[in-house]
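Structure first, then comments.
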Amino acid sequence: MAEFTPGVEISTETPTIEVTIGPNNPLPIGRQTFRLVVVDDAGNASQPDQVVIIVADQDAPTAVIRGPRIAAFGKSFELDGSASFDAGGGKVVKYVWTYMGPGT
Ligand SMILES: [Ca+2]
């Protein structure tokens, strides 16, 4: 387990490392690059290799629709989706409204 800071090397004697992500230090959405240099038992260091990890929002948002409990006949009224929210590091950018017809 390791919390990485950009540009700061972390050395291990094991060939794997967990990139520990907490709720307060998420990697930003987008392409994130990690670099590895290995050193042999004679102290010779390799050329670096890099991998690009794409951090993506893979969680769907939640829609919350609100409206007046009663609307006067023949009068306009407003629907409100502002309580909708997203998880996974993204944000709601589009609201798609549909009148479903009479019903419960
Ligand atoms: Ca999302």
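Counting begins at 1 with the first residue of the sequence. Atoms within each ligand, like the ligands themselves, are counted from 1 in listed order. Since this is a predicted model, take the numbers as computed values, not measurements.
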Reported OH-to-CD1 distance for the pair Tyr95 and Ile65, which is rounded to 0.5 angstrom: 11.5 Å
Residue from Asp49, Val51, Val52 passing side chain to side chain contact (heavy atoms under 4.5 Å, CB included) with Phe34: Val51
Closest approach of Ile29 to Gly88 (non-hydrogen atoms, all atoms of both residues): CD1-O, 3.7 Å
The Ca ion (ligand 1) - closest N/O/S atom in Asp59: O
Metal site angle (apex the Ca ion (ligand 1)), OD1 from Asp86 and OD2 from Asp57, 10 degrees: 130°
Side-chain donor or acceptor of Thr62 paired with backbone N/O of Ser84 under 3.5 Å: no
Any N, O or S atom of Pro61 closer than 3.0 Å to the Ca ion (ligand 1): no
